[in-house]
Amino acid sequence: MASLNRLLARVRRKAAALALPCTIVSALVPVLALGPGAVSAEAATLPGGLGPCIPGSCPDPFPPISNGPIAGRDNAINIFVGSDFLVRGRAAEAEGRVVVLHDFDQSKDVGASSIYNIGIVGAGSRVPPPDGADFLTTGDDVVITAGQTLVAEGGVVRYASTVTGNVTGTLVQDPNAIQPYAALRDQLSAASDCYARVNGVPRTPTGVAVNAGFETLFTGDGVSPLQVFNVDFDLAGPGGSQQGIAFANIPAGATILVNLTGAVRTINTYSGDIADTDPLNAYRERLLWNFPDATTVNLVGTGQFQGSILAGEQASQTTVTLPGVNGRVFVTGDLTHTSSPTGGGGQEFHAYPFDGDLPDCAVAPVTGEVRVLKTDAVTGLPLAGGVFELWEETNGIPGLQTTGVLPDTQVGTPCTTGADGLCTQTVPVGTYYWRETAAPPGYLLPIDPVFGPLILTDLNAPTGVQVTAPDIPQPAVTGEVRVLKTDAVTGLPLAGGVFELWEETNGIPGLQTTGVLPDTQVGTPCTTGADGLCTQTVPVGVYYWLETAAPPGYVLPADPVFGPLVLTPLNAAEGVQVTAPDTAQVPVTGEVRVLKTDAVTGAPLAGGVFELWEETNGIPGLQTSGVNPDTQVGAPCTTGVDGLCTRTVDLGTYYWLETAAPPGYVLPVDPVFGPLVLTAANAAEGVQVTAPDVQQVPVTGEVRVLKTDAVTGAPLAGGVFELWEETNGIPGLQTTGVLPDTQVGAACTTGADGLCTRTVDLGTYYWLETAAPSGYVLPADPVFGPLVLTPLNAAE
């Protein structure tokens with residue numbers, strides 16, 4: 001019976017695969033949902049339905065390795081690479097469909113065959129993909145070294161970025177080439193870990209593996225349909241040499257799961273053959289070699305390796321130099337197909353399915369009912385006709401947000417309560433809100449129409465969670481809502497104020513006049529008369545008056561919304577009223593002045609030029625340029641004999657900016673004077689700032705060079721020197737080029753005192769010796785300086 005159940009499960013998987021369009025099968029497979037070490041009693045395929053043959057036409061059984069006629073067609077992925085697929089050395093071919101999330105890179109050894117076959121190969125199972133199917137799919141580039149060829153005859157090479165080099169077959173550039181397969185990498189990593197561990201603890205083995213040197217023998221329990229072996233050593237002989245691989249006590253039809261744990265793992269074997277005479281071949285389609293941790297996987301030796309391979313570490317490098325690998329190859333890191341450095345060649349991947357039944361690592365989501373019960377607020381009886389939306393808390397902000405940049409998420413379509421007053425939805429565990437959007441006929445929406453949060457958990461999911469939403473009957477009661485427009489100082493009524501009346505209808509506190517769900521305007525705008533009143537008779541409810549235009553000579557208040565006015569059956573007879581005071585427009589201005597003075601004597605100075613700027617951008621200090629400068633007021637002003645510049649302006653904050661100093665004076669280091677804050681309190685007298693300038697005092701001094709005998713120190717006549725001033729800002733003397741320093745006067749020849757002397761302005765200078773005294777030679781560096789002349793040393 002167990003064998004029959006496994007056979008039926010296999011048939012069901014293949015039937016499901018048959019129902020999928022062969023070109024997009026992987027895109028349609030649901031994402032694997034994994035929990036920590038989650039396992040169920042049910043058996044499952046690899047993630048995404050990987051493993052079994054997908055028609056095409058699947059032979060049963062798959063034939064041994066040969067170079068005979070095509071034996072069938074298999075549209076399943078035979079090789080999946082989560083990073084780069086590198087073809088190196090003397091590797092020959094990869095049978096079946098190949099999906100590579102990053103680059104496919106072929107650069108074989110010089111002298112090796114220049115061809116690498118993909119999809120259809122010379123020798124293998126001879127079950128390639130269907131004609132015209134994608135033989136190779138890459139998420140980045142296909143790079144083929146010059147002089148070599150990737151042969152995909154009869155198939156498509158679909159790539160996301162670029163192709164470099166020679167490729168046969170149909171090339172299709174598709175930026176979304178690997179979108180259908182992108183999720184597989186994480187799914188395979190999670191599955192690899194799940195197969196090896198349950199809640200972080202190694203999966204319970206059903207058998208033992210013993211490395212006896214000449215071979216590793218896997219001995220099962222003879223019973224379990226899933227034979228689990230945990231191996232923390234390499235499958236290699238002494239010194240890393242080749243060894244055999246054998247299985248014993250494995251029930252017929254059982255799946256074999258070998259978990260090889262550790263950061264570096266090697267299988268070096270001679271087991272497996274072409275003719276299926278090696279006992280290992282018999283386990284091929286139900287044998288999975290799982291490397292959950294390894295960052296380095298080496299598959300070497302001389303055997304025709306049997307079984308499928310799963311490497312779950314995404315930082316892994318899997319290197320294959322075996323002559324043949326017969327089964328699926330799913331690596332989430334890099335894959336290198338190459339040959340042994342010591343010789344050999346013709347390495348091949350052969351397409352064989354994996355039909356084993358693995359632990360089911362999927363976790364079904366827990367669901368339950370969330371319900372709202374609509375009732376009469378007085379009698380508690382259920383009400384039909386209430387309309388509700390269900391929202392899930394998804395943005396991490398407390399409470400329900402239905403609009404804005406990051407709203408919560410609406411679930412399903414609106415629901416209208418039936419005679420039982422209920423709306424019900426079955427949803428995964430989480431936090432939810434019911435939002436009432438329309439009350440039952442004859443009832444009012446509550447002021448807050450949001451009911452929740454309802455927190456559905458694993459514990460309460462079987463019974464569900466429920467909230468009651470009572471509504472108040474809509475009484476046929478009306479009353480007046482009034483607004484009285486007044487002068488804010490005198491309190492007298494004002495005519496000419498324009499108001500709109502709005503009813504609170506969207507359940508959001510405050511007035512919303514725009515957006516997805518505004519409140520509701522009632523009637524047309526009203527203009528106050530001589531009594532200052534606007535009045536409307538309306539049903540009980542919550543209302544706001546919105547002032548849209550102030551009476552002539554007045555300004556709108558900062559907040560033009562007056563309310564809420566809550567009209568109830570209790571106050572409807574007398575109505576509700578609010579006062580809306582407005583402030584009269586009183587233009588207030590004053591002077592802002594700057595006094596230009598001598599910094600020493602304090603005397604006023606004529607001829608200083610100033611700009612007036614108003615603080616308008618809200619950034620402290622004056623900004624006269626950039627994206628958001630302050631605002632210049634009027635034209636520049638030049639001070640008269642009284643030293644003043646004066647402007648009459650509105651209240652605000654201002655700066656004077658000195659742009660030119662009076663004749664004979666220099667601008668201050670900081671030419672901005674202010675802020676000057678003109679307020680209603682100081683407008684009558686104005687505000688003033690003093691701007692002192694320093695008088696320009698020319699200071700000069702001597703720069704000298706003394707020419708001497710280098711041995712005796714005696715002065716020498718006849719040395720010729722040029723004087724240069726440092727003017728280009730580049731350290732040292734530059735006498736040529738695009739931006740030289742500046743020569744000062746003509747050359748000077750030293751007299752009997754050995755001196756050359758010049759009187760110059762303050763600055764930095766160099767003497768350049770151009771000719772040595774008779775009988776002497778120029779120094780290697782003929783530049784002397786810098787000589788820095790400052791106000792402190794100018795006298796000497």
Side-chain angles (χ1 to χ4, degrees), residues 17 20-29 31 47-50 54-56 73-88 91-108 113-121 127-188 314 317-318 328-338 349 351:
L20 296 174
C22 66
T23 55
I24 57 171
V25 59
S26 295
L28 298 178
V29 175
V31 173
L50 296 173
I54 296 176
R73 298 284 182 171
D74 177 8
N75 199 40
I77 298 172
N78 191 56
I79 301 175
F80 174 86
V81 182
S83 189
D84 296 333
F85 188 160
L86 308 179
V87 176
R88 297 292 187 264
E93 52 196 24
E95 189 174 34
R97 288 191 62 200
V98 178
V99 173
V100 182
L101 294 193
H102 291 163
D103 294 338
F104 179 90
D105 185 310
Q106 176 181 328
S107 182
K108 299 173 64 173
S113 168
S114 63
I115 289 175
Y116 188 83
N117 293 304
I118 201 162
I120 300 175
V121 300
V127 185
D131 280 334
D134 289 357
F135 284 13
L136 171 64
T137 304
T138 73
D140 284 322
D141 301 324
V142 176
V143 181
I144 311 300
T145 290
Q148 298 184 17
T149 302
L150 174 65
V151 176
E153 197 72 47
V156 172
V157 173
R158 187 178 301 274
Y159 60 98
S161 188
T162 63
V163 169
T164 302
N166 191 33
V167 179
T168 68
T170 302
L171 292 174
V172 176
Q173 201 276 335
D174 178 1
N176 300 312
I178 53 90
Q179 188 275 332
Y181 318 106
L184 285 175
R185 189 185 196 205
D186 288 341
Q187 293 172 23
L188 287 167
Q314 296 187 9
Q317 169 64 62
T318 300
R328 306 303 195 198
V329 177
F330 303 130
V331 301
T332 61
D334 292 329
L335 175 64
T336 300
H337 196 200
T338 185
F349 287 115

- [ ] Can you measure from CD1 (Ile77) to CG (Leu50) and round to the nearest 0.5 angstrom?
- [x] 5.5 Å

Task: Candidates Phe135, Phe349, Phe85 - the one meeting side-chain contact (heavy atoms from CB on, under 4.5 Å) with Val98 - done: Phe85

Open item on the list: Suppose the criterion is salt bridge (charged side-chain N to carboxylate O under 4.0 Å, His left out): which pairs have a residue in residues 137-153, not counting sequence neighbours?
Closed with: none

Task: Check: Val143 main-chain N/O paired with Asp103 side-chain donor or acceptor under 3.5 Å - done: no

TODO: Measure across Gly119 and Pro128 and return the closest heavy-atom pair with its distance rounded to 0.1 Å.
DONE: O-CB, 3.6 Å

Task: Stepwise side-chain contact (heavy atoms from CB on, under 4.5 Å) test for Phe104 and Ile144 - done: CA-CA 8 Å; Phe104 179 90; Ile144 311 300; 4.1 Å; yes

TODO: Give me the one residue out of Val81, Leu335, Thr336 that meets side-chain contact (heavy atoms from CB on, under 4.5 Å) with Leu86.
DONE: Thr336

- [ ] Compare every heavy atom of Arg328 with every heavy atom of Ala76, then report the nearest pair and how far apart it is.
- [x] CB-NH2, 3.5 Å

Open item on the list: Minimum heavy-atom separation for Arg185 and Gly82, please, with both atom names.
Closed with: NE-O, 3.4 Å

Please tabulate, for side-chain N and O atoms in residues 168-176, each donor-acceptor pair with protein atoms closer than 3.5 Å (sequence neighbours left out).
residue: Thr168; atom: OG1; partner: Ala152; partner atom: N; Å: 3.1
residue: Gln173; atom: NE2; partner: Ala160; partner atom: O; Å: 2.7
residue: Asp174; atom: OD1; partner: Asn176; partner atom: N; Å: 2.9

Open item on the list: Please check: side-chain N/O of Ser113 versus main-chain N/O of Ile115, any donor-acceptor pairing under 3.5 Å?
Closed with: yes

- [ ] Tell me yes or no: between the side chains of Asn78 and Arg97, is some donor less than 3.5 Å from an acceptor?
- [x] no

Task: Tyr181 versus Leu101, closest heavy-atom pair with distance - done: O-CD2, 4.2 Å

TODO: Evaluate the criterion side-chain contact (heavy atoms from CB on, under 4.5 Å) for residue pair Thr162 and Val142; output intermediate values, then yes/no.
DONE: CA-CA 6 Å; Thr162 63; Val142 176; over 6 Å; no

Task: Contact summary for Arg88 and Gln106, nearest pair of heavy atoms - done: NH1-C, 4.1 Å

Open item on the list: Please enumerate all residues that pass side-chain hydrogen bond (donor to acceptor under 3.5 Å, both in side chains) together with Asp334, with sequence neighbours excluded.
Closed with: Ser83

- [ ] May I ask you to test the Val99-Ile79 pair for a side-chain heavy-atom distance under 4.5 Å?
- [x] no

Open item on the list: Does Gln317 form a side-chain contact (heavy atoms from CB on, under 4.5 Å) with Val331? I'd like the steps, not just the answer.
Closed with: CA-CA 9 Å; Gln317 169 64 62; Val331 301; over 6 Å; no

TODO: Return yes if some donor-acceptor pair links the side-chain N/O of Glu95 with the main-chain N/O of Ile120 below 3.5 Å, else return no.
DONE: no

Open item on the list: Do Thr138 and Leu136 make a side-chain contact, defined as non-hydrogen atoms from C-beta onward lying under 4.5 Å apart?
Closed with: yes

- [ ] Taking all heavy atoms of Arg73 and all of Pro129, pick out the closest pair and write down the distance.
- [x] NH1-O, 2.7 Å

Task: Approximate separation, where rounding is to 0.5 Å, of Leu150 CG and Thr145 OG1 - done: 11.5 Å

